[in-house]
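Encoded as structure tokens, the structure appears first; notes follow it.
When reading the values below, keep in mind they use all heavy atoms of this one structure, side chains included, and skip hydrogens, waters and symmetry mates. Each chain gets a letter, A, B and so on, in the order its sequence line appears, and its residues count up from 1.
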2 protein chains.
Amino acid sequence: MIFDCHVDVQLRPGISDPQGSTIEKALPALGFDGVAGVRVGKSVMFRLEADDEAAARREVEDMCNRFLTNPVIEDASIRVSASS
Amino acid sequence: MIFDCHVDVQLRPGISDPQGSTIEKALPALGFDGVAGVRVGKSVMFRLEADDEAAARREVEDMCNRFLTNPVIEDASIRVSASS
């Protein structure tokens, strides 16, 4: 079975995010007020072949820990759904 | 009202994604097979003050068009939800 996987990688709370701060400082100059707490992360999408959804999720978690994220400073949120 | 906003920016289909190709080529060497179609994008999260959800979404769409994405080569998917 083919699964659509989406991994959203964000810096952990408390880790400094200069890219987010820069965006936050730039937005008011463009007329966008009321924006706070900007955080910028990575978004990785792919298709994965696996026996079932649980197996797909396990494999994606393993990928995150070993390759897609730096677990010391980053958190991953994983979405897996059967591909249509 | 405060809204949690999440903007997922991906390259448009057909636009070459060297970062995604590199990940796709690296994964089999680490023992992860069956991965295809890897695309890497940006994920921007922030809190936004707005009158209602429709106004918040309009403001985020405007931000995407003017600042957060390059509409020529990138697509944004926007999620807005009332902050708890």
Please classify the contact of A:Gln10 with chain B as side chain, backbone, both or neither, using a heavy-atom distance under 4.5 Å. side chain

Contact class of A:Ile2 relative to chain B, heavy atoms under 4.5 angstrom: neither

I need the residue from B:Gly37, B:Ala50, B:Gly20, B:Gly31 with the largest number of non-hydrogen atom pairs under 4.5 Å to chain A. B:Gly37

Report which part of A:Asp62 has an atom under 4.5 Å of a heavy atom belonging to chain B: side chain, backbone, both, or neither. both

Check: B:Arg47 and A:Val35 side chains under 4.5 Å, non-hydrogen atoms: no

Would you say CG of A:Asp52 has more than 12 non-hydrogen atoms from neighbouring residues, nucleotides or ligands within 6.0 angstrom? yes

Would you please test B:Leu30 and A:Met63 for side chain to side chain contact (heavy atoms under 4.5 Å, CB included) and show each step? CA-CA 9 Å; B:Leu30 288 163; A:Met63 271 180 215; over 6 Å; no

Just wondering, do B:Leu48 and A:Phe32 contact through their side chains at under 4.5 Å, heavy atoms? no

Only one of B:Val40, B:Val38, B:Leu27, B:Ile23 passes side-chain contact (heavy atoms from CB on, under 4.5 Å) with A:Phe46; say which it is. B:Val38

Nearest heavy-atom neighbours spanning B:Asp33 and A:Glu59: O-OE2, 3.5 Å

I need the residue from B:Arg39, B:Gln19, B:Glu24, B:Lys42 with the largest number of non-hydrogen atom pairs under 4.5 Å to chain A. B:Arg39

Side-chain heavy atoms under 4.5 angstrom apart, residues restricted to Ile, Leu, Val, Met, Phe, Trp, Tyr: same cluster for A:Val80 and A:Phe67? yes

Cluster check B:Val44, B:Ile78: I/L/V/M/F/W/Y, side chain < 4.5 angstrom: yes

